[in-house]
Structure formats: structure tokens, C-alpha cells
Amino acid sequence: MAEQMMHDGAAPLMIAEGLGKTYGRLVACRDISFNLYSGEVLAIVGESGSGKSTLLQMLSAQLTPSAGRVSYRMRDGVTRDLASLGEAERRFLFRTDWGYVHQDPAMGLRMAVSAGANVGERLMAVGWNHYGRIRDTATSWLERVEIDTSRIDDAPRTYSGGMRQRLQIARNLVTEPRLVFMDEPTGGLDVSVQARLLDLMRSLVSELGLAAIVVTHDLAVARLLSHRIMVMKGGQVIEAGLTDQVLDDPHEGYTQLLVSSVLPG
Amino acid sequence: MTAPVYNFAYLDEQTKRMIRRAILKAIAIPGYQVPFASREMPMPYGWGTGGVQVTAAILGPTDTLKVIDQGSDDTTNAISIRKFFAKTAGVSTTTSTADATVIQTRHRIPEAALSEGQVLVYQVPIPEPLRFLEPRETETRRMHALSEYGLMHVKLYEDIARFGHIATSYAYPVKVNGRYVMDPSPTPKFDNPKMDNCAALQLFGAGREKRIYAIPPYTTVVSLDFEDHPFARYRHEAPCALCGADDSYLDEIVTDDRGGRMFVCSDTDYCETRQASGHRGSERAAPHKKDHAHG
């Protein structure tokens with residue numbers, strides 16, 4: 001099985017079992033199950049309205065599933081059902097062990113406070129109380145995401161779209177999370193900026209051994225970043241497997257359509 | 001007509017009871033903002049409607065009331081609130097900190113140490129310390145509930161990044177009893193240490209925002225800071241021109257249009273008490289240097 005590729009006998013980082021979400025008669029997601037191991041990047045692709053974002057919200061405990069459950073292996077090694085966590089624990093998890101990269105950086109950043117404070121906020125939230133150390137850490141993270149450190153005191157609203165997105169990534173990774181959720185991380189950026197961002201994300205993910213769940217409608221993003229892929233349509237996973245395998249040899253008609261509708265590069 | 005126009009201390013008894021309940025709850029949970037059904041008062045918001053309601057609720061016929069505005073007993077706001085309670089409650093009023101049992105204040109804590117049995121009532125414009133960083137009230141309440149106060153340090157971080165030191169000089173955030181982060185109303189940060197382990201009961205009333213909070217006597221109040229940028233008081237480096245005090249918070253008073261100025265105690269009662277006991281200042285502070293006069 002492809003799922004057993006990335007790990008050597010360790011328990012999965014995240015387990016989704018029979019996840020479903022309905023709004024009255026409207027089914028947004030139905031019966032979705034998978035295991036995610038640490039260091040593994042999973043792409044969720046599909047067209048608009050296929051339930052990708054709903055699924056991501058359920059996985060990141062922002063939305064309560066109507067059916068099924070999500071379990072996560074905490075830092076102490078105990079796998080727990082997300083629904084059983086208290087709000088305080090969930091929020092703590094969200095700003096320490098998890099990252100969430102929004103499509104629109106304005107959602108994930110504080111646009112009016114400086115870049116340094118944006119990166120430092122998570123550190124201060126876990127009790128860092130030394131200005132010099134917070135600033136040094138913020139500086140080194142700006143370097144890692146290729147932002148000129150002389151811009152550390154500028155607010156992100158003065159940044160370009162690509163810089164904002166990189167700043168958002170730095171802000172999320174500063175607490176060394178083990179799992180990062182990305183919702184269309186390259187959406188709305190021009191192609192050259194996208195390429196640079198993807199390159200950066202790929203090297204960070206492999207350097208830090210991050211696990212990531214990337215929602216995208218861009219198959220190129222999926223191919224570059226992810227090890228495994230799930231194709232969604234109408235709220236269901238219609239095809240899943242190794243990224244290369246699925247993209248090079250799609251079995252489902254819909255996946256074939258998706259793959260063939262990529263413009264030749 | 002001989003019937004009294006007002007109930008004792010203006011507010012009706014049921015309203016006072018409601019406010020007292022909020023006060024009791026606030027005292028039980030130091031630093032926690034308790035919502036209350038703030039009433040319209042015969043003065044505009046921003047003139048101390050919250051403080052006046054708290055004072056009205058705790059005032060008894062035997063109390064002696066002192067009202068200060070920016071440390072002063074003789075500004076419009078202070079005089080009108082003092083008159084208001086002299087008229088509606090018939091309580092005796094004073095300008096002496098030591099003689100007062102209830103002190104309503106705007107923007108200052110008296111210099112003289114407060115004693116047990118005294119109550120200090122603050123007028124609060126904005127009770128939420130996280131307001132300007134997180135505009136969503138639902139979110140700030142949740143942050144208080146879960147003690148997620150990292151954001152408060154973001155504000156201090158911004159100060160240092162921009163000015164090289166913590167430039168917040170008033171409404172400086174404090175942590176009360178090791179739990180709730182609280183806005184001490186716009187008192188200068190010079191006054192923050194006086195809140196810590198204070199013998200008097202401190203009550204905070206925000207009329208427009210409909211919140212009451214409290215610091216019970218002898219409660220720990222810590223000003224937030226960074227290890228490498230610790231909290232520091234600020235005062236002008238001068239003695240008071242009238243009483244010579246070198247430990248009081250000073251107002252700068254411009255005396256002419258050629259850079260002349262003097263520094264005097266902002267707490268008028270403290271200054272007068274010192275003058276009465278023979279202390280004298282040196283009248284005039286060093287004038288502003290020309291090149292600093294206009295930026």
C-alpha cells in the first residue's frame with residue numbers, strides 16, 4: 001500500500017475515519033477516510049464546490065463533522081479524537097503543533113502590526129518573554145522565507161502578495177509545527193511568484209520533516225509538493241494514491257478530465 | 001411639592017442592587033470584566049458615567065466623597081461630580097485623600113498611600129485591553145477565558161520595534177492576581193505600581209461599554225513587560241515647582257510663549273498638603289531648549 005511508504009511502523013499522525021458533513025439535505029462531504037503519517041504531504045484536489053475546503057476545515061477542527069471522526073497523535077504520542085479536546089487544547093494545538101496557511105494572507109496575518117511581531121506572536125503566545133530572542137528568531141525566519149530582513153519592522157500591508165504569503169508561512173512555522181494545512185497557498189499569485197513559493201515550501205517541508213495537507217485546484221502544485229493525492233468530486237474521494245501514479249495514470253474518468261485539462265506547459 | 005426629586009444617590013434602589021451584584025462578582029474574580037446594565041446618566045459618555053454609577057451604588061449616607069480628574073480636585077469634571085453627589089445623596093465631600101472613604105478618579109491614583117476601608121472608583125473609557133489588537137469582542141472574550149495573552153505582548157513588541165523602548169505611557173496593561181490581563185484605565189504607567197498590593201478596594205466602571213471590574217485589597221498587580229525590557233515608571237526629571245516633591249507625578253505647565261514652563265504635582269491635594277507643612281519648590285523649571293521647542 002502506498003500509505004505505508006513514508007514511515008517505519010510509527011502510528012499515523014492524523015487519522016480520518018468516515019468523515020462526512022451535511023447541511024440539511026446538502027451533502028458537502030461523504031465518507032472520507034485516510035491516514036496521514038509524519039513527513040508526508042497529502043494533496044486534496046478537485047474543482048470548486050467539491051468539498052475540499054469543508055474537508056480541510058473538519059480536519060483542522062474548525063468545523064464539527066456530521067459523521068465520522070478525526071484523530072491526531074499529540075506531541076506526547078497519544079492519539080486523540082479531536083472532538084474530545086477542549087477548546088483551550090484545540091486552540092493551543094492550532095497555534096503550536098499546527099499551522100494553517102490561508103489562501104488570502106490577510107486572513108492569516110495581522111496586517112497592521114510589523115512582520116517581526118507577526119512572526120513573534122506565536123512565540124509570545126507560548127510564553128516567550130525576551131524581546132531580543134523573539135526578534136532574533138523572527139529575523140532568522142524572515143531569512144529562511146527569503147524576505148529582506150530590513151523589512152522586519154514594516155507591516156505586511158506594505159508587502160507584495162508573494163511576500164505576504166511567505167510571511168504567513170514563516171509565522172506558521174516558527175513554533176515548529178508537525179502538521180501544516182494549506183488552503184490554495186499559491187492562489188492569486190502570478191506564475192513566477194508561484195514557482196518561487198512552491199520551491200520554498202518544498203524545501204521547508206523536506207528540511208523540517210513537516211506533514212502537510214494541501215488543498216488546491218492546481219495539479220501542478222499537487223505534483224510538485226505532495227507525495228499522495230486525493231481527488232474529490234461531489235463531496236467524495238473518487239481516486240487516491242501516489243501523486244505521480246494518479247496524475248500519470250488516472251483511472252477515473254473525472255481524474256482523466258482534470259489531468260487532460262491542464263494547459264500544456 | 002415636598003417629595004424628594006431624587007432617590008438617594010440618584011439611581012433607584014433596584015438599579016443600585018444590580019450594580020452591586022456586578023461589583024461583588026467583579027471582586028470575586030479580580031480583573032474580570034463583568035457586564036452590567038449601564039444606565040443613562042445626566043452627563044455625557046466620557047465624563048465618567050461608569051464611575052458615577054459605581055459610586056452611586058456603593059455610597060452610604062456616612063461616606064465622605066472625593067472626586068479627582070487628572071489628579072486635580074478643582075477641574076470641571078471633578079467639581080460637577082462632587083456637586084452631583086452632594087445634591088443627590090447629601091454626603092459630605094472633601095478634597096483630602098486621607099479623609100475620603102470613596103474616591104472617584106479619572107486618570108490618576110492619589111500620591112498618598114490609600115488605606116483599608118477606602119474605595120477607589122475609576123472612570124474607564126475602554127475596558128478591553130485587547131481592543132486595538134483584536135477588534136472582535138467575541139474573540140477577546142474567548143482569549144480572556146482561555147488566558148491567551150500572547151497578543152498583549154505583540155503590542156509591547158511593536159513599541160520596542162518602533163521606538164526602542166516600551167512607549168506605552170498610559171493604560172499600560174497589567175495582569176491581576178496572575179490571571180486576567182486588565183486595562184487600568186488611562187492612568188499614567190507611573191501609577192501602575194500603586195495598584196499592586198493596595199490596601200484599598202479598587203473598582204472600575206465603564207458606562208458606555210457597560211463593564212465593571214475590580215481589584216480587591218492586597219491583590220498582586222503586575223505590569224506586563226519583557227525580560228530584557230522591564231517595566232519602568234516615567235516622570236519628568238524635576239521637583240514640583242510648588243512643593244518641591246521629587247516623587248510625585250508632574251504636569252508640565254507652559255507659562256509663556258518663550259519656552260518658559262513649570263512642573264507641578266498633578267495631585268493637587270498632595271501638593272497642597274506638602275505646602276501647608278512648609279515644603280516649597282523652586283518655582284521655575286529649566287526652559288525648553290530652543291532647538292527642541294518645535295520639532
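On a predicted model such as this, the values are computed, not experimentally measured, just so you know. Convention: sequence-line order gives letters A, B, ...; per-chain numbering from 1. Values reported hereafter were calculated over all heavy atoms of this structure, with side chains retained and with hydrogens, waters and symmetry mates removed.
- The number of heavy-atom neighbours closer than 6.0 Å to CZ of B:R233, taken from other residues, nucleotides and ligands shown, is above 12.
- No more than 12 heavy atoms of other residues, nucleotides or ligands lie within 6.0 Å of OH in B:Y170, so this atom counts as exposed by the packing criterion.
- Other residues, nucleotides and ligands contribute more than 12 heavy atoms inside 6.0 Å of the CE atom of A:M111.
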Check every N and O of chain B against chain A and note each donor-acceptor pair under 3.5 Å, with its distance.
{"unit_1": "B:L133", "atom_1": "O", "unit_2": "A:R110", "atom_2": "NH1", "d": "3.3"}
{"unit_1": "B:E139", "atom_1": "OE2", "unit_2": "A:R91", "atom_2": "NH2", "d": "2.9"}
{"unit_1": "B:R142", "atom_1": "NE", "unit_2": "A:E87", "atom_2": "OE2", "d": "2.8"}
{"unit_1": "B:E148", "atom_1": "OE1", "unit_2": "A:R91", "atom_2": "NE", "d": "3.2"}
{"unit_1": "B:E148", "atom_1": "OE1", "unit_2": "A:R91", "atom_2": "NH2", "d": "2.7"}
{"unit_1": "B:E148", "atom_1": "OE1", "unit_2": "A:R95", "atom_2": "NH1", "d": "3.4"}
{"unit_1": "B:E148", "atom_1": "OE2", "unit_2": "A:R91", "atom_2": "NE", "d": "2.9"}
{"unit_1": "B:E148", "atom_1": "OE2", "unit_2": "A:R95", "atom_2": "NH1", "d": "2.8"}
{"unit_1": "B:H153", "atom_1": "NE2", "unit_2": "A:N129", "atom_2": "OD1", "d": "3.4"}
{"unit_1": "B:Y157", "atom_1": "OH", "unit_2": "A:R135", "atom_2": "NH1", "d": "3.1"}
{"unit_1": "B:E158", "atom_1": "OE1", "unit_2": "A:S114", "atom_2": "N", "d": "3.0"}
{"unit_1": "B:E158", "atom_1": "OE2", "unit_2": "A:S114", "atom_2": "N", "d": "3.1"}
{"unit_1": "B:E158", "atom_1": "OE2", "unit_2": "A:S114", "atom_2": "OG", "d": "2.4"}
{"unit_1": "B:A161", "atom_1": "N", "unit_2": "A:Y131", "atom_2": "OH", "d": "3.4"}
{"unit_1": "B:E227", "atom_1": "N", "unit_2": "A:N129", "atom_2": "O", "d": "2.7"}
{"unit_1": "B:D228", "atom_1": "OD1", "unit_2": "A:Y131", "atom_2": "N", "d": "2.7"}
{"unit_1": "B:D228", "atom_1": "OD2", "unit_2": "A:H130", "atom_2": "ND1", "d": "3.2"}
{"unit_1": "B:D228", "atom_1": "OD2", "unit_2": "A:Y131", "atom_2": "N", "d": "3.3"}
{"unit_1": "B:D228", "atom_1": "OD2", "unit_2": "A:G132", "atom_2": "N", "d": "2.6"}

